[in-house]
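Reading through the structure tokens given below for one structure.
Since this is a predicted model, take the numbers as computed values, not measurements. Numbering of ligands and ligand atoms starts at 1, following listing order. We use all heavy atoms of the structure for the numbers below, so side chains are in, but hydrogens, waters and symmetry mates are not. Heads up: numbering here begins at 1 and tracks the sequence.
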Amino acid sequence: MKYYSTRDTGRRHPHALAEAAFIGLAPDGGLFVPERIPQVDMACVERLAERSYADMAAYVAGLIMDDLDADMLSGAVHAAYDFPIRLHDIGEGHYTLELFHGPTFAFKDFGARFMGRIAGLLNGGRELTVLAATSGDTGSAVAHGFLGVEGVRVVILYPSGKVSPLQEAQMTTIGGNICPLRVDGTFDDCQRLVKEMFGDAELRSRMRITSANSINLLRWLPQAFYYFYGWTAWRRATGGKTPDIVVPSGNYGNLAAGMLARRMGLPVRRFVAASNANDVVPEFLRTREYRPRPSVRTVANAMDVGAPSNFERMVWLYGGDMEAMRRDLCGYSCGDDEILALIAEQKARFGYVSDPHSAVGYGAAKALGVDGFWLSTAHAAKFGDVIARATGVEPPLPEALAAAMGKVRHAVDIAAEAGALKEYLLSM
Ligand SMILES: *Cc1c(COP(=O)(O)O)cnc(C)c1O
């Protein structure tokens with residue numbers, strides 16, 4: 001399998017998996033996609049899903065990354081997915097696929113853990129430094145993704161005083177091959193510093209560096225796998241055949257991966273793009289007008305994206321036929337007050353507490369009469385302040401998060417200057 005940029009419509013520049021993975025963004029500014037869409041055998045998916053998530057994921061991964069040795073791929077997938085995934089029946093016909101039982105309690109673990117293990121395979125133990133700028137959550141997901149991968153070191157840059165105590169604890173108590181840098185500046189400074197390192201020819205001649213941002217092919221593809229798993233679990237629970245699937249969305253990597261799964265043969269009736277006040281995609285589905293714009297702040301802040309990168313992959317999946325996309329996809333959006341009300345209502349009615357992102361999924365399922373399930377993208381305890389506003393009570397921290405809060409933190413303080421970062425990297 002080769003991989004092309006979404007913008008390389010003449011297919012002039014094929015890339016091997018390792019190239020696409022270590023470059024990240026395609027040189028023409030597009031996003032990497034596979035040259036063809038392989039078809040899955042759903043009977044095989046069902047059989048494997050009954051054994052384990054990792055067995056099923058390794059099968060689907062093997063179809064779309066057919067150049068990798070099957071045993072090595074399977075080993076990496078099993079190492080990545082050593083945590084549970086659950087379809088939760090909350091009552092009255094409402095089902096949600098909980099994707100937040102990984103090491104950082106958010107669904108990004110599914111992408112980041114896979115990327116870490118597969119990048120490790122492709123890298124073959126050579127020295128490699130992964131640079132990641134983070135405003136909070138991505139840093140710990142990437143760190144846990146690459147934790148213990150031979151030859152790889154992860155340098156996380158986060159803005160001093162601008163991440164939550166819980167996020168800081170998650171990033172700075174991991175140890176091993178993870179090096180957190182507390183930057184005296186903003187998130188934008190962190191991003192700028194990382195960019196400057198990639199533009200520094202001298203540094204790059206002396207060390208191999210790569211990024212691990214969310215549009216990376218190795219983070220995107222594995223997000224297709226859990227749709228297959230959710231389908232088998234929902235089918236077993238309800239006897240249904242073609243579910244609606246609601247996806248709480250921000251940068252739309254998650255939904256684009258679901259659409260890829262459908263093109264691979266997963267029976268889905270319709271997808272629902274569920275957003276907070278940043279409703280560029282639901283608005284497009286309603287009006288046919290696509291108007292990317294600056295994001296606004298909401299209580300579901302991981303979905304505060306005004307110009308979603310992965311929309312380009314969605315358009316690619318439909319070969320540019322926007323009317324066909326509109327037939328398969330519904331939109332739903334809601335504001336902060338509604339999100340808080342949904343959290344409170346869900347707790348009162350079902351005794352189930354959702355994080356603010358997943359609550360948007362519940363809202364969409366209710367409003368559109370969904371026969372299927374929504375994805376739950378984070379653990380409620382990660383957003384304790386919002387839950388407290390909605391219900392009056394903070395949810396208890398899971399043991400691993402509580403333990404991280406109590407551990408000694410290790411971070412190196414650094415000025416927001418390229419020279420300082422370069423010196424640090426070269427001295428490691
Ligand atoms: C990243 C994130 C989202 C949005 O996912 P996209 O793939 O960017 O659409 C939703 N919820 C949570 C908790 C997230 O961390």
* Asked: Measuring from each atom of ligand 1, which residues have a heavy atom under 4.0 Å away?
  ->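 For ligand 1, the residues that come within the 4.0 Å heavy-atom cutoff are Phe107, Lys108, Pro248, Ser249, Gly250, Asn251, Tyr252, Gly253, Asn254, Ala302, Met303, His357, Thr377, Ala378.
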Tell me, please, which residues at least two apart from [X] pass side chain to side chain contact (heavy atoms under 4.5 Å, CB included).
| X | value |
| --- | --- |
| Gln39 | Ile37 |
| Thr96 | His88, Ile90, Glu98, Tyr352, Trp374, Ser376 |
| Asn301 | Asp304, His357, Phe383 |

* Ring geometry between Tyr81 and Phe114 (parallel below 30°, tilted from 30 to 60°, perpendicular above 60°) ->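 Parallel, since the angle between the ring planes stays under 30°.
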* To do: Ignoring hydrogens and angles, tell me if any N or O in the side chain of Tyr59 forms a donor-acceptor pair with the backbone of Asp41 under 3.5 Å.
  => yes
* To do: With the side chain counted from C-beta on, respond yes when Arg219 and Lys108 share a heavy-atom pair under 4.5 Å apart, and no when they do not.
  =>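 The answer is yes, as the side chains (C-beta and beyond) meet within the 4.5 Å cut-off.
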